[in-house]
Visitor: 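First the structure, which I've put down as structure tokens, then a few questions once you've had a look.
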Amino acid sequence: MHVTGTVPPPAPAPQETPAAPGSAPAPDTSRHARRFGLPVATALVMGNIIGGGIFLLPASVAPFGTVSLVAFGVLTVGAIALALVFGRLAARDPRTGGPYVYAREAFGDFAGFLAAWAYWITTWVSNAALAVAAVGYLDVLIPVNDHRWTACLAALVIQWLPALANFAGSRYVGAVQLVSTVLKFAPLLLVAVGGLFFFDPGNLGPFNASGGSGIGAVSAAAAILLFSYLGVESAAVSAGEVKNPRRTVGRATVIGTAGAALVYLLGTLSVFGTVAHDRLVTSTAPFSDAVNAMFGGSWGGWAVALAALVSMTGCLNGWTLLSAQTPYAAAKDGLFPAAFARRRRGVPTVGVGVTVVLASLLTVYNYTSGSAKVFEVLVLVTTFTATVPYLLATAAQIFHLVSGQGEKVDRARLVRDGVIAAVAAGFSLWLVAGAGYAAVYQGVLFLFAGVLVYAVMAARRARV
């Protein structure tokens with residue numbers, strides 16, 4: 001839903017920027033743009049944050065014990081600090097684009113490219129992770145997890161169906177998105193609220209089940225949980241469509257992040273309290289297991305599994321388009337290959353094709369590598385890559401605060417903004433450390449591949 005914003009002087013000419021699922025093509029801005037206020041902006045943030053990964057996250061953090069609830073609290077504080085940074089940056093530069101715009105404006109093309117490249121990696125690796133999570137709920141309805149290749153094939157089908165919807169055009173993407181959004185909140189609210197009435201403290205298990213230090217367990221759990229907070233930048237990326245963005249973006253981002261955190265925390269707590277810890281650790285459909293424990297039998301679990309499956313497929317539908325629009329925006333600026341700028345029926349078809357192929361290859365690799373925790377591996381890679389644009393945006397805020405540019409800094413809020421930026425920066429670095437060596441290793445390989453792409457693109461621009 002992002003469109004090109006108006007560039008305030010003395011900034012450069014308007015630039016194409018990343019757009020969210022269901023957005024109109026940039027050339028059609030005047031006909032399709034729709035400006036919205038605080039309620040819709042807040043809903044946009046919550047809707048993008050609460051994706052499909054939440055349906056598997058309780059089982060993913062269960063091995064750390066209930067200390068992961070502490071990680072949720074710490075993560076929420078860091079996410080809100082990051083939200084406040086985005087709000088201040090949007091107040092200074094209310095164009096669409098989020099981290100990409102902020103990094104490029106403060107540090108130039110290379111920083112902007114890194115932000116766009118890392119964000120693109122985050123989106124298509126997230127797609128692979130969501131497909132793996134969806135397979136866990138498909139297994140409740142149709143047994144597919146008994147054989148690795150069957151599960152892998154199911155994950156690939158789940159990825160390619162939304163891609164085909166994208167190829168059909170943005171109108172179909174929006175229809176799928178509407179249905180999946182309604183179905184997404186039904187099982188979440190059922191478990192988050194209803195599960196509290198069936199809560200049994202005996203199901204919680206040990207406080208720290210990791211076997212390591214408490215701080216280490218919190219960091220490791222938070223690195224996985226960050227996946228559930230991807231989307232905190234949504235209102236900032238949508239700034240060009242928001243009424244009074246200098247004021248609204250910051251408020252919507254903080255309120256939406258806090259609201260999503262409340263749903264997450266209650267949902268995870270309810271699952272912890274309704275499903276025995278030893279069973280939750282090995283669960284592939286924790287919300288289905290929670291509903292079965294609440295009401296008995298298996299009908300409730302089947303219903304939740306079906307709703308979760310539709311929700312995650314719909315989430316993939318939107319994120320597939322988003323992952324294609326990010327390189328589309330960079331291609332329009334000359335930072336990505338020109339092929340990514342091609343559109344058909346409102347969809348960057350080359351970006352969709354490349355994205356789904358890369359996500360499919362990554363899915364096959366992780367299934368064939370023998371990893372028993374494919375979802376967690378993919379999530380940790382996105383944790384590392386997501387911190388790159390977040391850290392660059394935070395660095396842009398610190399740059400403006402320290403450089404003494406009076407016209408870009410609210411002097412009355414200088415100290416508070418400085419503290420918030422420092423917390424957001426520390427939070428981002430902490431998450432990199434918590435992601436672990438394997439995730440950082442794979443993530444760095446992705447980033448270094450991007451450096452080579454930038455070198456080629458910069459050389460081609462220099463020859464023109």
Side-chain angles (χ1 to χ4, degrees), residues 45-46 48-49 70-94 97-107 111-112 114-116 118-119 122 215 218-219 221-239 245-261 264 382-403 405 408-410 412-435 440 443:
V45 174
M46 284 193 66
N48 281 2
I49 290 178
V70 177
F72 250 128
V74 176
L75 187 66
T76 300
V77 172
I80 290 177
L82 191 61
L84 288 169
V85 168
F86 281 131
R88 295 303 300 147
L89 289 166
R92 180 181 300 115
D93 187 352
Y100 170 66
V101 169
Y102 309 142
R104 190 176 183 218
E105 190 272 336
F107 307 119
L114 281 183
Y119 195 73
T122 300
I215 295 178
V218 169
S219 297
I224 292 177
L225 292 171
L226 175 67
F227 181 78
S228 62
Y229 279 91
L230 295 181
V232 67
E233 72 285 350
S234 298
V237 177
S238 305
R246 297 182 188 276
R247 174 178 172 83
T248 303
V249 167
R251 295 171 63 196
T253 302
V254 173
I255 296 172
T257 302
Y264 281 155
T382 65
T383 296
F384 172 74
T385 56
T387 56
V388 175
Y390 290 172
L391 188 58
L392 283 170
T394 304
Q397 171 73 338
I398 294 174
F399 168 77
H400 294 310
L401 293 175
V402 176
S403 63
Q405 302 179 55
K408 294 186 176 181
V409 175
D410 185 345
R413 303 177 56 171
L414 181 61
V415 174
R416 184 173 69 177
D417 284 351
V419 171
I420 291 173
V423 171
F427 168 72
S428 298
L429 292 173
W430 171 57
L431 288 171
V432 173
V440 173

Visitor: Please enumerate all residues that pass side chain to side chain donor-acceptor pair (under 3.5 Å) together with S428, with sequence neighbours excluded.
Guide: none

Visitor: Does the side chain of R92 come within less than 4.5 Å of E105's, by heavy atoms?
Guide: no

Visitor: Testing the basics here: between A393 and L89, what is the closest heavy-atom pair and its distance to 0.1 Å?
Guide: O-CD1, 3.3 Å

Visitor: Measuring from Y100:OH to L392:CG, what's the distance to the nearest 0.5 Å?
Guide: 13.0 Å

Visitor: Can you see which heavy atom on A115 is nearest to which on P99, and at what distance?
Guide: CB-O, 4.1 Å

Visitor: Kindly compute the distance separating CG (D417) from NE2 (H400), expressed to the nearest 0.5 Å.
Guide: 11.5 Å

Visitor: Work out which heavy atom in T257 is nearest to a heavy atom in T253; give both atom names and the distance.
Guide: OG1-O, 2.6 Å

Visitor: Specify the closest pair of heavy atoms between A81 and V423, including all atoms of both residues, with the distance to one decimal.
Guide: CB-CG1, 3.8 Å

Visitor: Distance check, rounded to the nearest 0.5 Å: Q397 atom CD versus L84 atom CG?
Guide: 10.0 Å

Visitor: Distance only, no hydrogens: is a donor on one side chain within 3.5 Å (strictly under) of an acceptor on the other, for T122 and T385?
Guide: yes

Visitor: Are F427 and L75 packed together at the side-chain level, in the sense that at least one heavy-atom pair is separated by less than 4.5 angstrom?
Guide: yes

Visitor: To the nearest 0.5 Å, what is the distance between CZ on R416 and CD1 on I420?
Guide: 6.0 Å

Visitor: Show the nearest heavy-atom pair for residues I398 and A421, with the distance to one decimal.
Guide: CG1-CB, 3.8 Å

Visitor: Considering all heavy atoms of both residues, which atom of A71 and which atom of A221 are nearest to each other, and what is their separation?
Guide: CB-CB, 3.8 Å

Visitor: Taking the six-membered ring for Trp, are F86 and Y102 parallel (under 30°), tilted (30 to 60°) or perpendicular (over 60°)?
Guide: tilted

